[in-house]
*Asks:* 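One structure, as C-alpha cells, below. Some questions next.
Quick note on labels: first sequence line is chain A, next is B, and so on, each numbered from 1.
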Amino acid sequence: MASAFAAAIGAGSIAAFVLLVPFDEAFLIGEISIKFASEWVILGRVFSLSENVRPLIGFLYTAGAFLMPAAWIVNANRFFPSVALLILAIVAASLMVDPFVFAAVFIELAAMGAVFVLVTQQHPRSTGSIRMLILYTFAMISILFTGSLLEIAGITSATPVLAMRVTFMLGFGFAILMTVPPFHLWLPKSAEESDPYILVFILVILQSAGFFFLLRFLDGYAWLREQTLIYDGIRIAGIVTTILAVLLSASQRDIKKLMAYALLVDLGVILIAVGSGKEDAFRIALSLSVVRVIALGVLALGLSYLCKSERLVSQMQGVGYKMPFAAAAFLVGLLSVAGTPLTAGFPGRWALLTVVLHADRLAAGTVMFSMVGLGVLVIRWAAILFGRGDGEEPIAITKEPRVFLLGGIILILLLGLFPQLVFPWVEDVASGLANLFL
Amino acid sequence: MDWLNNYLFLPVVVLFVTGSALALMKPQPKSMLILAVQYIAVSWLASTSLPAAGVAAKLVTGLLVCVIMYLAIRQIGDNPLQRDGQLLSANLPFRIIALLLVTVASVSIARSNLFAQFDIRIEASVGASFLVASSLLNLGLGTDLLRIGIGLLTLVSGAELIYGFIEPSLALIALLAMVHLGIVLVLSYILSIQTRYSTSENRDP
C-alpha cells in the first residue's frame, strides 16, 4: 500500500514540477536563487524539456499519479509501483530526446518494462506480452528507418516514390504503437492473461506515448501534414478499428476481452478525430485522451474486482448483487467509453460528431454506431450482472476499495457535467504544437 | 585493424552458417555458443561503419546477452519434464526449404536498390538482410519462448547493422545495446516465472 501511494505522490510531484516550475530562468525560494536548465546532454544527444513537450510529460505523470494508488487495492505485483515509475520516466525520455525519431527506441524499452508487470506469479502466462514485445520491436525498427529516410533523403512532396515508401513504413510503425487492427492481437490475449487494471495502466501510457509521437511527427514535417493520404489512412484506420471493435465486443462471452475491445473502440474514435485533419478535431482527440484515463481506469478497477475468479457470461449471472460497487464502476466506466450523456466520454464524442457530421458522414455514422453499440452492451451486461442469481449475500468490501470505486464513478459524472476542466491542458498542448494548431 | 576489411566475406559466411543453425536446431544451451559467434560476426561487419569503441560495446553486449540466455536456458534444462534431448527441430525438411527461400530472398533484397539512399557496403547489406530474414523465420515458425527470443535478438542485430551506416552515434549504440539486454532480461524473467509457477505454454514442437 505504502509503495503505491509513495509512487503516486512521486509521479504527482514530478507532474507538478514539469508543469509549474519555470525553466532556464532564475527564481527565488526564500533567499536562495535557483535556476533549472531545460536541456541535458547525454552521450552526445540532447534531452530537452521544451515548452512543447512539458504539457505532454505533465499529462503522463498526472495519469500515472491518478492510476497508481488503486493498484494497491487490486493486489498488483509488488514491483508495480517502481516499474510503473520507470515506464513513465522512459516514456518521458521518449518525448524529450532530440532527434525525436529516437523516441521509438524508448517506447520499445517502455514496452519491455510493461512485461514485468503484466507477467507475474499470479498471472504467469505470457503469450500476449510476448506478442506485444515482438510487435513493438517491429515498430521501433520501422520508425527508426523512416526517421533516417526523412533526415537523409530529404523527402518532400516533390519525391512521390520515396514519400510513398516512407508513408507506408510510418503507417506500419504507428499502427503497431496505437494497437490498430490487425496489430491488436496481443491485447485480447493480454486481457485474458493479466490483471485488467494493470493492463489499462500500461495501455493508456503506451498508447498515449504513441499518440503524442504521431502528433509530433505531423507537427514536425510539413510534407506529411500536407498529404491527404495520411489523414485518410488515419481516418479509415479509426473507422475500421471502431466498427471491428464494437462487433467483436458484442460477441464476447469473456468480460475481460470485452474490456480489451472497449479500449479499441475508444482508440478508434480518437483516430477518427485525428484523421479528420481539422484543428478542432485535434483538440477533441486530446481531450478524449484525457478522459479515457479516468473512464478506463474506473472500468478496469471494477472489472478487476468482478473477475477475481469468474469471467464468462454464464458465471457472471447475479455477480452485481455480490459486488454492487464493482459492478457499478464497471458499468459507469463502460457508459463513459460509449459516450453516454452525463458521463465524461459524452462531451468529446458529441463535439466530434458536430465537427465531422457534414464533412464526413461515414465517420459520423461510425461514432454514432460506437455510442449505440456500446450502450446496448452496457444494458446487456447490466442485465447479466444484476440478473437473477442464486440469492447470494453481498461480499463484504472494505472501506478503501469502496472509496476508490465510488470516487471514480463520481469523477466520471463530474467530468461529464464540467468538461471544460480539461480545456487548459488541451490549449497548453496546442500551443506547443504550433504547426499543427495554427 | 584495417586488414579486417579485406576479409569481410568471412563474417557473411559465418552469419549464413549461424543463422541457419539457429533456425534448424532446437533452442538449447549450445545455441548460445552459436549466437555468440553470430554476435562476433555482426561486430566484425559493424566495424566498417562504427568506431572501435562502438564495435567493442556491441561485442561485449552480445556476449553478455548470450551468457544471460545460457543461464536462463539452464533453468529449463534443470526441469526433467521439459528435457527431451533432441538436437534438431521438428518439420526439418520444411524448415530447410523455408530457409533456402528466405536466403534467396535476402540476397535479392541486399542486391536491389532498397538501401540506395544509404552508403552501405554490400557485405553488410547481405549479412543484415539474411539476419532479418532468418529472424522472421524464427519468429514465424516458433512458438517456443527461446526461439522467439533468438529471433528478436537476431532481428535487432540485423537492423542495427544497417542502421550503423546511417547513424553511427554512441547514443544509438547505447540505446540498442539496452534493447538487446532488455529483450534477454524480459525472456529470462518470463522463463523464471513460468518455471517456478508451472505453466509451459510456449514449447516448440
*Asks:* Under 4.5 Å heavy-atom distance to chain B, tell me which part of A:Ile134 shows up: side chain, backbone, both or neither.
*Replies:*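 For A:Ile134, the contact with chain B is made by backbone and side chain together.
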*Asks:* Return the minimal non-hydrogen interatomic distance between A:Arg45 and B:Ser169, and the atom names on each side.
*Replies:*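 So the two residues come closest at NH2-CB, 3.5 Å.
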*Asks:* Identify which part of B:Leu136 has an atom lying under 4.5 Å from any heavy atom of chain A, answering side chain, backbone, both or neither.
*Replies:*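 Looking at B:Leu136, just its side chain touches chain A.
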*Asks:* Given a strict heavy-atom distance threshold of 4.5 Å, which part of A:Gln121 is in contact with chain B: side chain, backbone, both, or neither?
*Replies:*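 It is both, since atoms from each part get that close.
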*Asks:* Under a 3.5 Å distance rule, please check whether B:Gln194 uses its side chain to pair with a backbone N or O of A:Pro124 as donor and acceptor.
*Replies:*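 Pair found, side chain donor or acceptor close to backbone of A:Pro124.
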*Asks:* Relative to chain B, which segment of A:Ile141 carries a heavy atom at a distance below 4.5 Å: side chain, backbone, both, or neither?
*Replies:*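 A:Ile141 touches chain B through side-chain heavy atoms alone.
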*Asks:* Against chain A, label B:Ile173 side chain, backbone, both or neither, depending on which of its atoms sit under 4.5 Å from a heavy atom there.
*Replies:*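 Looking at B:Ile173, nothing touches chain A.
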*Asks:* Return the minimal non-hydrogen interatomic distance between B:Leu155 and A:Phe138, and the atom names on each side.
*Replies:*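 Reported closest heavy-atom pair: CD2-CE2, 3.8 Å.
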*Asks:* For B:Ile162 versus A:Phe145, what's the shortest heavy-atom pair and its separation?
*Replies:*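 Nearest heavy atoms, B:Ile162 then A:Phe145: CG2-CE2, 3.6 Å.
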*Asks:* Going from CZ on A:Phe102 to CG on B:Leu172, what distance comes out if it is rounded to the nearest 0.5 angstrom?
*Replies:*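 Between atom CZ of A:Phe102 and atom CG of B:Leu172 there are 4.5 Å.
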*Asks:* Decide if atom CZ of B:Arg121 counts as having more than 12 heavy atoms of other residues, nucleotides or ligands within a radius under 6.0 Å.
*Replies:*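 Atom CZ in B:Arg121 is packed in, count exceeds 12.
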*Asks:* What distance separates B:Ile190 CD1 from A:Leu133 CG, expressed to the nearest 0.5 Å?
*Replies:*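 These two atoms lie 7.5 Å from each other.
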*Asks:* Is there a side-chain contact between A:Thr137 and B:Val179, using heavy atoms and a 4.5 Å cut-off?
*Replies:*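 No, too far: nothing below the 4.5 Å cut-off.
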*Asks:* How many angstroms lie between CZ in A:Phe116 and CD1 in B:Ile193, if you round to the nearest 0.5 Å?
*Replies:*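 Interatomic distance, A:Phe116 CZ to B:Ile193 CD1, rounded to 0.5 Å: 10.0 Å.
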*Asks:* Distance from A:Leu144 atom CG to B:Ile166 atom CD1, nearest 0.5 Å?
*Replies:*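 So the CG of A:Leu144 and the CD1 of B:Ile166 are separated by 9.0 Å.
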*Asks:* Out of B:Leu170, B:Leu176, B:Leu175, which one racks up the most heavy-atom pairs below 4.5 Å with chain A?
*Replies:*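 Of B:Leu170, B:Leu176, B:Leu175, B:Leu175 has the most heavy-atom pairs under 4.5 Å with chain A.
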*Asks:* Can you tell me if A:Met169 has over 12 outside heavy atoms packed within less than 6.0 Å of its CE?
*Replies:*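 More than 12 heavy atoms, drawn from other residues, nucleotides or ligands, come within 6.0 Å of this atom.
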